[in-house]
Amino acid sequence: MKVPYVVAVNTRKAYRTSNVMKASLGEADRKIVAENFEWDDNFTPAPLTYYAAIALSKIFHRINPLQKILQKDIDILMDLYPANIPLKFTVPYIKDEQYWKRSFSSKFPSRKEVGVSYWKGKFLSACLQDYLENVKPDVFIEEDAVDLAKLVSPYIYELGLKQLQMIRQPTPPIPYEDSVEDTCEFSVPKLYDHVPLEPVLARLYNLQEISLIFGVNNLEDKYLTRYFEFSLGDCESLCRGLEHLQHLKTFRINRSNLDCSKVKIILQNLVKKESIEELDFNHCKIGDYGMKALGGFIFLHKNVKRVKIANNRFKEVGVQGIAYALQMKPAAPIELLDFSLNPMSLECATIFAAAFVRCKEKPQTLIVNSCGFSGPSAEKMAGLLTLNRGLTRLDMAANNLSGEAEKTLIRALEQNRRVLRLDLRSTHISEETQAKVNELLERNKKLIGVETEPSDEIPPLYLNEPEYLIWEYNPNNPDHIPGRYPERVPEV
């Protein structure tokens, strides 16, 4: 019966008969308890249809009765079919979500999924992931991977791989016919790449989200450096597979040796896909030139909204690439930038501040947690809220905002009526400052939807000089302190 799991457990508890009612004289002698779905277990024999369903559930790989029996009998079969039926028999015919939920719990008991609305797709995606992650590299058969991808492709919309096995590739061909092949294992160059993704991705035409980690888990004493190398062959195979994904929205490569040259190749292929909305390269090795390529991607692409590049290896030149794209009114409706865990200098803070003063509308969220801001650099990052009206969220946790930066933050918030959320955990600010920040944020939340006068919305600018010069060195100011913008009185 489908009622026990179609109707939510909380709903059944809310409408169950109270214990006082069950103990009443009129209810105590009832023989049929309709609200108890198991009242007749071990009390009345099951109908013949139930025993017939048990027999059919054992031979589903030979007899498929789903097209010839009533829906009530199909409901019984869905509760009886074992979870280990080969996929080639179940995938085309079984649509019942409870069966796929039960199969997922049976095959992957350690994985706890919350908020899943499509269990068939979740289970088949997990099966493909399990195959690609744990296939034996010495006996990897590309045809088997292609057959599995073809079978599950209509039903899966996301694919996440937490590891990829390293397989041995053929040795390079001998350049001349009369050459003698050298079979010595120390002299013949060996090419190693991870499991090729092109034949699999080319069949997953409905894929919208892909998450990759190039490496091997739980190696223990079998560790080898080459297991974690993101080779050129891996990059080319991935890019050839991406050409077939017309609905891809989210692309992630995390915790991998993804460097500048590889990310350039990937971005050149992704820039042609207008469906891309999120790029996530957290915990990789992208340097300055890779960041400049990413800035060009933001400048050209028309739909990317979220860019996450936490914990990489870029410095001032890389920040300039992103800042240039933001200042030049990028085509992308960028909403979120995550630069966390990237140590940034005073020059990086200056570049950031100038860029966010110039860009008025986007992005809305900037995350710079644990970037090493302190003193003048922290003051610049806090002070950018004075003139920027696009940000609604600024995360600066695990930076040092004590001293002048703390005062600058309060002054900036007093003028900024758009920012709604500030993450200031572990920033060494006082309790009084935190209370004042909370008060100003509450003020801003109450102003949502309320039109403000231009004089209240935008602070008075300094006449006769562009606003970005606030962040630059001014030789006419004798009180200028390097790294800190001087106080100036606006002309009336």
Side-chain angles (χ1 to χ4, degrees), residues 57-67 78 81-97 99-108 111 113 116 118-170 191-214 216-217 231 233-248 251 269:
S57 67
K58 298 177 181 179
I59 55 174
F60 181 74
H61 59 287
R62 288 188 291 150
I63 299 177
N64 177 14
L66 299 180
Q67 304 295 332
M78 291 302 103
Y81 277 146
N84 57 357
I85 301 176
L87 292 179
K88 64 180 180 180
F89 299 113
T90 60
V91 171
Y93 305 108
I94 296 181
K95 302 178 181 179
D96 187 83
E97 283 292 284
Y99 170 80
W100 295 110
K101 182 178 180 180
R102 184 162 51 86
S103 300
F104 186 92
S105 301
S106 176
K107 187 168 184 178
F108 308 103
R111 295 182 57 172
E113 300 290 342
V116 178
Y118 186 45
W119 281 104
K120 185 174 184 179
K122 175 63 70 174
F123 175 72
L124 296 180
S125 178
C127 289
L128 181 60
Q129 173 187 352
D130 182 68
Y131 175 82
L132 293 176
E133 288 183 351
N134 301 308
V135 63
K136 294 182 179 180
D138 295 333
V139 293
F140 174 71
I141 302 176
E142 185 175 308
E143 289 75 11
D144 293 346
V146 170
D147 292 340
L148 179 59
K150 287 181 178 179
L151 184 64
V152 305
S153 60
Y155 311 99
I156 67 173
Y157 299 91
E158 59 181 22
L159 176 64
L161 300 178
K162 297 182 179 179
Q163 69 172 6
L164 277 171
Q165 300 290 339
M166 184 73 69
I167 62 174
R168 172 74 180 274
Q169 302 295 316
L191 301 179
Y192 293 95
D193 296 319
H194 291 92
V195 172
L197 294 176
E198 176 193 1
V200 175
L201 295 180
R203 275 76 184 178
L204 303 180
Y205 50 84
N206 284 332
L207 205 63
Q208 297 181 3
E209 179 177 333
I210 181 170
S211 303
L212 304 174
I213 296 177
F214 288 85
V216 183
N217 299 329
S231 66
D234 294 329
C235 185
E236 292 176 349
S237 176
L238 174 62
C239 291
R240 288 194 297 267
L242 292 177
E243 293 178 359
H244 302 272
L245 304 181
Q246 302 301 323
H247 307 287
L248 187 64
F251 181 78
N269 287 269

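- Side-chain contact check for Leu161 versus Val195: every heavy-atom pair is 4.5 Å or farther apart.
- With sequence neighbours excluded, no residue satisfies side chain to side chain donor-acceptor pair (under 3.5 Å) with Asn269.
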*Tell me, with the steps shown, if Leu124 and Leu151 meet side-chain contact (heavy atoms from CB on, under 4.5 Å).*
CA-CA 9 Å; Leu124 296 180; Leu151 184 64; over 6 Å; no
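- Annotation: side chain of Met78 is in contact with side chain of Leu66 (closest heavy-atom distance under 4.5 Å).
- Looking at heavy atoms from C-beta onward, Phe140 lies out of side-chain contact with Gln165 at the 4.5 angstrom threshold.
- Residues that satisfy the side-chain contact (heavy atoms from CB on, under 4.5 Å) test with Tyr205, not counting sequence neighbours, are Ser153, Pro154.
- Counting heavy atoms from C-beta outward, Arg203 and His244 have side chains that stay 4.5 Å or more apart.
- Side-chain contact check for Leu212 versus Leu238: some heavy-atom pair is nearer than 4.5 Å.
- Asn134 places a side-chain heavy atom less than 4.5 Å from the side chain of Gln163.
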*May I have the step-by-step check of side-chain contact (heavy atoms from CB on, under 4.5 Å) for Gln129 and Lys162, ending in yes or no?*
CA-CA 8 Å; Gln129 173 187 352; Lys162 297 182 179 179; 4.2 Å; yes
_side-chain contact (heavy atoms from CB on, under 4.5 Å) evaluation trace for Val116 with Phe104_ = CA-CA 11 Å; Val116 178; Phe104 186 92; over 6 Å; no
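- Contact of the Val152 side chain with the Tyr131 side chain is not registered, since no non-hydrogen atoms from C-beta on lie closer than 4.5 Å.
- In this structure Asn206 satisfies the side-chain contact (heavy atoms from CB on, under 4.5 Å) test together with Tyr157, sequence neighbours excluded.
- A heavy-atom distance below 4.5 Å is not found between the side chains of Gln208 and Glu158.
- If you check the side chains of Asp234 and Ser237, you find no donor sitting under 3.5 Å from an acceptor.
- Using the six-membered ring where Trp is involved, Tyr81 and Tyr99 have ring planes that are perpendicular, over 60° apart on the 30 and 60° scheme.
- Annotation for Pro92 and Tyr155: closest pair CA-OH, 4.2 Å, computed over non-hydrogen atoms.
- Ring geometry for Phe123 versus Trp100: interplanar angle of 30 to 60°, hence tilted.
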